[in-house]
J.: 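Take a look at the following structure, please.
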Amino acid sequence: MTSLNVALKADLEQRKAQSLYRYRKITQGPQGPFIQVDNKKLLGFCSNDYLGLANHPTVRTAFIQGANQYGVGSGAAHLVTGHTQAHHDLEEALAKFVNRPRALLFSTGYMANIGVINALLGRQDLVIEDRLNHASLIDGGRFSGAEFKRYLHGDDSALKKILESRIYQRKLVVTDGVFSMDGDIAPLAALSTVVEQHDAWLMVDDAHGLGVLGDQGRGTLEYLKLNEAQVPILIGTLGKALGTFGAFVAGEEALIETLIQQARTYIYTTAPPSAVATATLASLQLTQSESWRRERLIFLIQHFRKGATQLGLKLMDSMTPIQPLLVGSSEKALQISQSLLKQGIFITPIRPPTVPQGTARLRITLTANHTEEQVNQLLDSLARII
Ligand SMILES: *Cc1c(COP(=O)(O)O)cnc(C)c1O
């Protein structure tokens with residue numbers, strides 16, 4: 001038999017030849033428009049810190065205060081001794097924010113998605129997902145043992161066909177609110193109508209909408225005016241616009257209690273540090289009180305799109321801070337990213353399997369902390385390269 005080392009090296013070489021090899025850049029400081037990467041100061045356009053809260057002084061102070069009060073480690077899972085007053089207060093604040101009876105914290109969004117789908121479905125059930133859903137939702141569906149189907153991106157009639165042709169005990173339809181690699185918004189009103197007509201349930205992962213969309217920042221559901229009856233299962237993540245770490249599920253009492261009893265990624269893992277919860281409480285308050293951050297984003301998004309259109313760049317149909325530039329081949333995406341680096345701009349290329357074959361891209365993201373001049377600098381660099 002080939003040794004492990006030889007077998008793995010051959011696979012890695014093949015990846016390199018296909019421009020699919022992934023490298024980590026080492027950063028030396030906090031998130032912000034400027035980011036210290038491999039000891040160079042670069043202008044970054046690929047962070048999910050949309051509201052610019054990841055390094056906000058108030059959030060940092062709350063984090064330190066939480067560590068001083070609770071220590072660092074939580075000691076055990078939530079169901080043992082790890083569930084602190086800070087976690088509990090944050091759950092109540094998040095529930096209130098998204099206007100639902102309860103919320104339940106998970107350590108990460110990946111774990112929330114795996115845990116929820118697995119707690120709700122079994123072998124006799126059906127899960128249907130948008131083709132472009134985040135990997136954690138796809139994995140959650142696959143691990144659940146339920147029959148797993150995908151529908152064409154954003155296509156409610158394709159979803160309808162699948163629902164019509166199948167009889168199952170429980171049927172769960174799952175979609176991103178804002179699609180993570182494309183930046184477009186799911187047609188939730190149309191999807192929820194189909195879901196309702198076929199006695200299914202709708203679950204929305206609003207990792208990229210929460211904090212960003214809607215006047216109050218309550219996310220895609222606020223923006224599209226959908227209520228809890230239409231979307232009974234809502235997932236939010238805390239590591240993006242809220243600038244900290246972790247995730248939550250929001251919904252009715254019975255949903256949350258079911259997850260506490262049955263979600264394995266909730267039960268069998270150490271609770272996150274309480275300081276993350278105290279920091280998130282602070283960033284949630286800023287998210288609500290400082291609506292200028294959302295207004296600033298809207299301005300920068302429009303400014304970028306106008307400039308990019310004038311340059312003849314091929315933008316995707318997105319009004320969110322995710323403004324991908326479709327490139328096509330992985331090789332080209334890698335090249336453009338490297339050329340931008342030489343001009344002091346940091347945007348990691350996104351390649352398959354994160355996105356479908358032939359759709360490698362530069363996933364440009366804007367944050368409330370960027371300035372108009374910095375966006376102009378990005379446009380100037382793009383003009384020189386593309
Ligand atoms: C980032 C992301 C997740 C994962 O959340 P983490 O807290 O980073 O694990 C889940 N869903 C979507 C749509 C995401 O973009």
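Numbering of ligands and ligand atoms starts at 1, following listing order. Any value given below was found using the heavy atoms of this structure, including those in side chains, with hydrogens, waters and symmetry copies removed. Note that this is a predicted model, so its numbers are computed, not measured. Numbering starts at 1 and runs along the sequence shown.
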J.: Name the closest protein heavy atom to atom 14 (C) of ligand 1, giving the residue it belongs to and the distance to 0.1 Å.
T.: Lys240 NZ, 2.8 Å
J.: Quick one: nearest non-hydrogen protein atom to atom 15 (O) of ligand 1, plus distance?
T.: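 That would be His208 NE2, 2.5 Å.
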J.: Just to confirm my output: which protein heavy-atom neighbour is closest to atom 4 (C) of ligand 1, and how far is it?
T.: Tyr110 N, 3.6 Å
J.: Any carboxylate oxygen within less than 4.0 angstrom of a Lys/Arg side-chain nitrogen, looking at Arg293 and Glu290?
T.: yes
J.: How does Ala247 reach ligand 1, if at all, at less than 4.0 Å between non-hydrogen atoms: by side chain, backbone, both, or neither?
T.: neither
J.: At less than 4.0 angstrom from any non-hydrogen atom of Thr108, what atoms of ligand 1 do you find?
T.: 7 (O), 9 (O)
J.: For atom 6 (P) of ligand 1, what is the closest protein heavy atom, and at what distance to 0.1 Å?
T.: Gly109 N, 3.3 Å
J.: Under a 3.5 Å threshold, yes or no: a donor from one side chain and an acceptor from the other, between Thr367 and Asn369?
T.: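 No donor-acceptor contact under 3.5 Å links the two side chains.
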J.: Side chains of Arg22 and Thr348: closer than 4.5 Å at any heavy-atom pair?
T.: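 No; the side chains remain at least 4.5 Å from each other.
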J.: Going by an N to O cut-off under 4.0 Å, is there a salt bridge joining Arg102 and Glu253?
T.: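 Salt bridge: yes.
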J.: In the protein, which heavy atom is nearest to atom 11 (N) of ligand 1, and how far is it?
T.: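 Checked against all protein heavy atoms, atom 11 (N) of ligand 1 sits closest to Asp205 OD2, 2.5 Å.
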J.: Under 4.0 Å, heavy-atom basis, I'd like to know which part of Met111 is in contact with ligand 1: side chain, backbone, both or neither.
T.: neither
J.: Are the aromatic rings of His134 and Tyr110 close, with centres under 6.0 Å apart?
T.: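 No: the rings miss the under 6.0 Å criterion.
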J.: Heavy-atom distances under 4.0 Å are what count here, so tell me which part of Asp176 touches ligand 1: side chain, backbone, both or neither.
T.: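 Within the 4.0 Å criterion, Asp176 contacts ligand 1 through side-chain atoms alone.
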J.: Under 3.5 Å, is there a donor-acceptor pair between the side chain of Asp205 and the main chain of Ala207?
T.: yes
J.: Check each atom of ligand 1 against the heavy atoms of Ser136 and keep those under 4.0 Å away; list them by number with element.
T.: 10 (C), 11 (N)
J.: So if I count the atoms of ligand 1 from 1 in the order they appear, which ones are less than 4.0 Å from some heavy atom of Thr237?
T.: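 Those atoms are 5 (O).
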J.: Report the part of Leu238 (side chain from C-beta onward, or backbone N, CA, C, O) that has a heavy atom under 4.0 Å from ligand 1; answer both or neither where that applies.
T.: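 It is neither; nothing of Leu238 touches ligand 1.
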J.: Determine whether a donor-acceptor pair (N or O, by modelled atom type, separation under 3.5 Å) exists between the side chain of Gln261 and the backbone of Glu257.
T.: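 Judged by distance alone, yes, a pair lies under 3.5 Å.
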J.: Below 4.0 angstrom, N of the basic side chain to O of the carboxylate: do Asp155 and Lys160 qualify?
T.: no
